[in-house]
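What follows is one structure encoded as structure tokens, with my remarks underneath.
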Amino acid sequence: MISDKMEQALNQQIEKEAYASFLYLAMASWCEQQGLSGCAQFFFRQSDEERMHMLKIFHYVNEMDRFALTPAVAQPPHEYESVRQVFERTLAHEMEVTQAIYDLVELARAEKDHATEHFLQWYVEEQREEEGLMRMILDRIKLIGEGPQSLYFIDKEVEAINAAVQANEQEQEA
Ligand code: OFO
């Protein structure tokens with residue numbers, strides 16, 4: 001059993017995860033336009049992952065005999081100045097999502113909703129990993145530098161990171 005307030009808050013989180021999925025899809029498109037195929041692969045995978053985050057909450061709400069609502073999703077920005085800016089915005093977005101998850105945990109605690117508090121722990125861990133991943137990529141971009149000669153190497157680095165993330169996910173699923 002979850003409260004009306006919790007149902008509403010979880011539906012808002014569904015919308016946030018859906019927006020993240022579309023934001024990363026827009027970033028994948030920008031990267032493809034720039035010829036950054038490694039970065040594009042990274043963001044296509046991230047976009048799918050955010051859809052999975054959305055669906056996990058969606059199923060939870062319905063499982064708790066409440067009503068998961070399909071959100072209206074705002075169009076994300078499509079223009080970016082640089083690959084660094086794309087990853088900076090990604091990190092900033094992930095930090096916002098982390099705060100939203102923390103707010104949900106606080107609400108679950110205030111309502112003594114142990115089931116939802118437990119359910120949300122998966123997201124707490126996921127946000128820690130996602131923020132860490134984006135910080136690592138930004139550190140690599142800073143190390144490689146951003147001159148025109150660097151873009152190829154940044155793209156290759158992100159491609160390798162993406163392959164490692166994907167392999168790790170497949171291992172966890174097996
Ligand atoms: Fe759903 O973790 Fe990113 O936003």
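Start at 1 and go down the list; that is how both ligands and their atoms are numbered.
Of all the N, O or S atoms in H53, the one closest to atom 1 (Fe) of ligand 1 is ND1.
Close contacts between ligand 1 and E130 involve ligand atoms 2 (O), 3 (Fe) [criterion: under 4.0 Å to a heavy atom]. Ligand-side atoms of ligand 1 in range of V97: 4 (O), range being under 4.0 angstrom from any heavy atom.
Residue Q127 places at least one N or O, backbone or side chain, under 3.5 Å from an N or O of ligand 1.
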Given H53 and E50, is the side chain to side chain donor-acceptor pair (under 3.5 Å) satisfied, shown in steps? CA-CA 5 Å; H53 294 176; E50 296 299 346; 3.1 Å; yes
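Rounded to the nearest 0.5 angstrom, F119 CZ and Y60 OH are separated by 6.5 Å. Taken from CG in L107 to CG in D113, the straight-line distance is 8.0 Å, to the nearest 0.5 Å.
A donor-acceptor contact closer than 3.5 angstrom links the side chains of Q13 and E17.
Contacts between E94 and ligand 1, counted as non-hydrogen atom pairs separated by less than 4.0 Å, involve the side chain only.
Among the atoms of E50, an N, O or S atom falls under 2.8 Å from atom 1 (Fe) of ligand 1. Within the coordination shell of atom 1 (Fe) of ligand 1, defined by N, O or S atoms under 2.8 Å, E17 is present.
With respect to R45 and E169, a salt bridge is recorded, a charged nitrogen being found less than 4.0 Å from a carboxylate O.
Applying side-chain contact (heavy atoms from CB on, under 4.5 Å) to Q46 and the options L23, N162, T90, L133 leaves one that passes, L133.
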